[in-house]
Visitor: 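I have a structure here, written as structure tokens, and I will follow up with some questions on it.
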Amino acid sequence: QVQLVESGGGSVQAGGSLRLSCAASGFTSSNYYMGWFRQAPGKEREGVAVIDSDGSTIYADSVKGRFTISQGHSKNTLYLQMDSLKPEDTAMYYCAAAYQWWFVPLSLTPQKFGYWGQGTQVTVSS
């Protein structure tokens, strides 16, 4: 059973930085997507960034140039480096995963991902 555990959320002032981590376990194959999604109160969950097993990435337009998704050497840890944070980045951030044979190409659509972490809160004050 795939398990995902996020950490690293918190409160920061606008312009600051945070780094989220996601520890993953239980995959039965090395070919999977991992991504970060977020949901603000009263809004739908949206994709932030996704990476595939070859290191290809996709970002939401709202975070391009500010956020960077990466994986650890063992690929069992996912990171999201968030710089130049804005109040509109405030949300619950979720780590998610999907096996690459479920869909191609890379996608930010939350409904395509079947494994989810419990989330970590990010709050950016102005």
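What you see is a predicted model; the values in this text were computed from it and never measured.
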Visitor: Could you check whether atom CD of Q121 has more than 12 heavy atoms from other residues, nucleotides or ligands sitting under 6.0 Å from it?
Guide: yes

Visitor: Using a strict threshold of under 4.0 Å (side-chain N to carboxylate O), is an ion pair present between K86 and D89?
Guide: no

Visitor: Shortest non-hydrogen contact from F113 to A97?
Guide: CD2-C, 3.6 Å

Visitor: Are any of the side-chain heavy atoms of L20 and E6 separated by less than 4.5 Å?
Guide: no

Visitor: With side chains defined as the heavy atoms from C-beta onward, is the minimum distance between E46 and R38 less than 4.5 Å?
Guide: yes

Visitor: Taking D52 for its side chain and D54 for its backbone only, find out whether a donor-acceptor pair lies under 3.5 Å.
Guide: yes

Visitor: Mind listing the closest non-hydrogen atom pair of Q100 and V104 along with its distance?
Guide: O-CG1, 3.8 Å

Visitor: Quick one: does R45's side chain get under 4.5 Å of W116's, heavy atoms only?
Guide: yes

Visitor: Quick one: are L4 and M34 in side-chain contact, heavy atoms under 4.5 Å?
Guide: yes

Visitor: Under 30°, 30 to 60°, or over 60°: which ring-plane class applies to Y99 and W102, parallel, tilted or perpendicular?
Guide: perpendicular

Visitor: Does L85 belong to the same Ile/Leu/Val/Met/Phe/Trp/Tyr cluster as Y94, with side-chain heavy atoms less than 4.5 Å apart forming each link?
Guide: yes

Visitor: Regarding S107 and Y33, do their side chains bring together a donor and an acceptor under 3.5 Å, going by distance alone?
Guide: no

Visitor: What are the two closest heavy atoms between P87 and S126, and how far apart are they?
Guide: CG-CB, 3.9 Å

Visitor: Are the side chains of S53 and S30 in touch, meaning some heavy atoms are under 4.5 Å apart?
Guide: no

Visitor: Within the distance-only criterion (no hydrogens, no angle test), does the side chain of S29 pair as donor or acceptor with the backbone N or O of N31 below 3.5 angstrom?
Guide: yes

Visitor: With a 4.5 Å limit on heavy-atom distance, are the side chains of W36 and C95 in contact?
Guide: yes

Visitor: Applying the side chain to side chain contact (heavy atoms under 4.5 Å, CB included) criterion to Y59, which one of I51, L108, V50, I69 satisfies it?
Guide: I69

Visitor: To the nearest 0.5 Å, what is the distance between OG1 (T120) and CE (M92)?
Guide: 7.5 Å

Visitor: In terms of the angle between their ring planes, are Y32 and F27 parallel, tilted or perpendicular, with boundaries placed at 30° and 60°?
Guide: parallel

Visitor: What are the two closest heavy atoms between G47 and P110, and how far apart are they?
Guide: N-CG, 4.4 Å

Visitor: Counting only heavy atoms from other residues, nucleotides and ligands, does the tally under 6.0 Å from CD of Q1 exceed 12?
Guide: no

Visitor: Treat each ILVMFWY residue as a node, draw an edge where side-chain heavy atoms are under 4.5 Å apart, and state whether V5 and V122 are in one component.
Guide: no

Visitor: In the single-linkage hydrophobic clustering (I, L, V, M, F, W, Y; side-chain heavy atoms under 4.5 Å), do L18 and Y79 co-cluster?
Guide: no

Visitor: To the nearest 0.5 Å, what is the distance between CG on L78 and OG on S21?
Guide: 8.5 Å

